[in-house]
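The structure appears right after this line, and notes come after that.
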There are 2 protein chains.
Amino acid sequence: MRQMTIGQLSKAGGVKVTTIRYYESIGLMGEPDRSESGQRLYGDDAVHRLSFIRHARDLGFPMNAVRELMKLQTEPGSDCSAVDVIAREHLNDVRKRLSQLEALESELKRMISSCEGGEVGECRVMAALNDHSDCIAETHERVTAL
Amino acid sequence: MRQMTIGQLSKAGGVKVTTIRYYESIGLMGEPDRSESGQRLYGDDAVHRLSFIRHARDLGFPMNAVRELMKLQTEPGSDCSAVDVIAREHLNDVRKRLSQLEALESELKRMISSCEGGEVGECRVMAALNDHSDCIAETHERVTAL
DNA sequence: CCTACAGTCTACAGCGACTGTAGGGGCAAG
DNA sequence: CTTGCCCCTACAGTCGCTGTAGACTGTAGG
């Protein structure tokens with residue numbers, strides 16, 4: 001199998017067809033050869049690039065980071081520290097979100113466990129949502145992405 | 001201060017002016033009175049509604065859930081268990097994301113700590129991204145939102 | 001050969017929850 | 001009157017895709 005279609009690449013790389021086309025449209029995948037009728041044809045290198053992207057995405061790297069990592073990879077001899085910086089930044093990000101989510105979890109748990117049924121009027125969960133004070137999650141930093 | 005402008009409401013509720021207008025546009029805030037010149041004018045009840053929304057959002061509830069919670073609140077006498085269900089679902093969601101992020105964190109940590117500098121060619125981080133096996137985060141469930 | 005059906009193509013709209021921009025009008029103080 | 005901030009509408013952009021519409025292609029069976 002020298003050249004494969006986008007569907008075959010999709011299976012080989014574990015990425016949906018539409019997503020591959022999307023990656024191409026944002027310049028992550030590069031334009032492939034085309035058959036006479038205009039269908040995309042990929043070689044084995046495409047599978048590598050695709051898995052690289054998927055691995056990075058699975059690890060939660062944002063697209064920009066993936067882009068940079070790919071650039072670094074194609075510049076052989078470039079310093080590993082650049083990669084390290086990107087990875088560490090991402091790790092920081094992940095840890096930040098982790099602690100936000102942990103705070104959220106304990107707050108939700110507390111709210112739910114303090115509620116003993118009955119009508120909404122006496123519901124502790126509702127009370128917590130209505131009450132202006134008494135809120136641990138009052139960080140003013142909204143929990144955002146990932 | 002019987003009636004306040006959107007800017008004053010914004011400060012009172014800790015929500016940006018644009019966001020308040022957005023909430024209005026999606027039907028969460030209801031259309032306020034207007035001054036002769038067309039400026040929005042809010043009463044104290046608006047502050048309550050806005051803080052309710054903000055608290056729910058701070059706790060990570062998605063908009064749909066916020067909408068339902070608000071509906072439940074305005075039906076006095078409705079059963080608290082509906083609130084409970086929404087909150088528990090959200091808690092489950094939070095816990096799911098927590099465990100995904102935890103997996104991510106340890107994977108990233110492992111990757112970074114195994115890298116000892118040098119060129120990209122020998123970089124462990126890059127190796128991990130290139131290698132098809134050897135990947136804990138290979139869950140095929142991408143880490144998504146929040 | 002014909003038909004069915006799966007796969008592929010382009011182009012564009014939609015998701016969530018906002019944020020930013022452009023281009024204007026209003027309002028109080030100096 | 002002018003400065004400067006606030007307010008208005010309407011729409012585009014963010015991120016990372018996913019879904020839709022409508023047309024074409026490739027393949028397997030009859």
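Because the structure is a prediction, the values reported are computed rather than measured. Letters go in sequence order (proteins before strands), and every chain restarts at 1.
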Check salt bridge (charged side-chain N to carboxylate O under 4.0 Å, His left out) between [X] and all other residues, then give those that pass, not counting sequence neighbours.
X         : value
Arg21(B)  : none
Arg67(B)  : none
Glu89(A)  : none
Glu105(B) : Arg95(A)

- [ ] Just call it for Ile6(B): base, sugar-phosphate, or nothing, with non-hydrogen atoms closer than 4.0 Å on any strand.
- [x] sugar-phosphate
Atom pair distance, as rounded to whole Å: [atom1] in [X] and [atom2] in [N]:
X        : N       : atom1 : atom2 : answer
Ile20(A) : dG16(D) : CD1   : C1'   : 15 Å
Phe61(B) : dG16(C) : CZ    : C1'   : 17 Å
Arg67(B) : dG16(C) : CZ    : C1'   : 11 Å
Lys16(A) : dC17(D) : NZ    : C1'   : 9 Å
Leu9(B)  : dC6(D)  : CG    : P     : 15 Å
Gln3(B)  : dC7(D)  : CD    : C1'   : 16 Å
Asp33(B) : dC7(D)  : CG    : C1'   : 16 Å
Asp93(B) : dG16(C) : CG    : P     : 14 Å

- [ ] With sequence neighbours excluded, tell me which residues meet side-chain hydrogen bond (donor to acceptor under 3.5 Å, both in side chains) with Ser99(B).
- [x] none
Task: Which residues share a side-chain hydrogen bond (donor to acceptor under 3.5 Å, both in side chains) with Ser37(A), sequence neighbours left out - done: Ser35(A)
Go through the structure and list residues passing side-chain contact (heavy atoms from CB on, under 4.5 Å) with [X], not counting sequence neighbours.
X        : value
Thr74(A) : none
Lys16(A) : Thr18(A), Thr19(A)
Asn92(A) : none

Distances under 3.5 Å between protein N/O atoms and the N/O atoms of nucleotides 9-14 of chain D, please, pair by pair.
from	atom 1	to	atom 2	distance (Å)
dT9(D)	OP1	Arg34(B)	NH1	3.2
dT9(D)	OP1	Arg34(B)	NH2	3.1
dT9(D)	OP2	Arg40(B)	NH1	2.9
dT9(D)	OP2	Arg40(B)	NH2	2.8

Open item on the list: Counting only side-chain nitrogens and oxygens, does Tyr23(B) get under 4.0 Å of the OP1 or OP2 atom of dC18(C)?
Closed with: yes
TODO: Please state whether the phosphate of dT8(C), meaning OP1 or OP2, lies under 4.0 angstrom from any side-chain nitrogen or oxygen of Thr5(A).
DONE: yes
Task: Side-chain touch Met126(B)/Phe52(A), heavy atoms, less than 4.5 angstrom - done: yes
Check nucleotides 21-28 of chain C against the protein and report each pair of N or O atoms closer than 3.5 Å, with its distance, or say if there are none.
from	atom 1	to	atom 2	distance (Å)
dC27(C)	OP1	Ser37(B)	OG	3.2

Task: Nearest-nucleotide 5' precedence on DNA chain D, Glu36(A) against Tyr22(A) - done: Tyr22(A)
Task: Of Glu31(A), Arg34(A), Met29(A), Met4(A), the residue whose pairing with Arg40(A) passes side-chain contact (heavy atoms from CB on, under 4.5 Å) - done: Arg34(A)
- [ ] Select from Leu41(A) and Asn64(B) the residue whose nearest nucleotide in DNA chain C is closer to the 5' end of that strand.
- [x] Leu41(A)
- [ ] Fill in the dot-bracket string of DNA chain D, one character per base: . for unpaired, | for a pair to another strand, ( ) or [ ] for pairs within the strand, taking Watson-Crick or G-U pairs under 3.5 Å.
- [x] ||||||||||||||||||||||||||||||
Open item on the list: If you apply the rule side-chain contact (heavy atoms from CB on, under 4.5 Å), what do you find for Arg57(B) with Tyr23(B), and how did you get there?
Closed with: CA-CA 12 Å; Arg57(B) 297 288 304 127; Tyr23(B) 287 161; 4.0 Å; yes
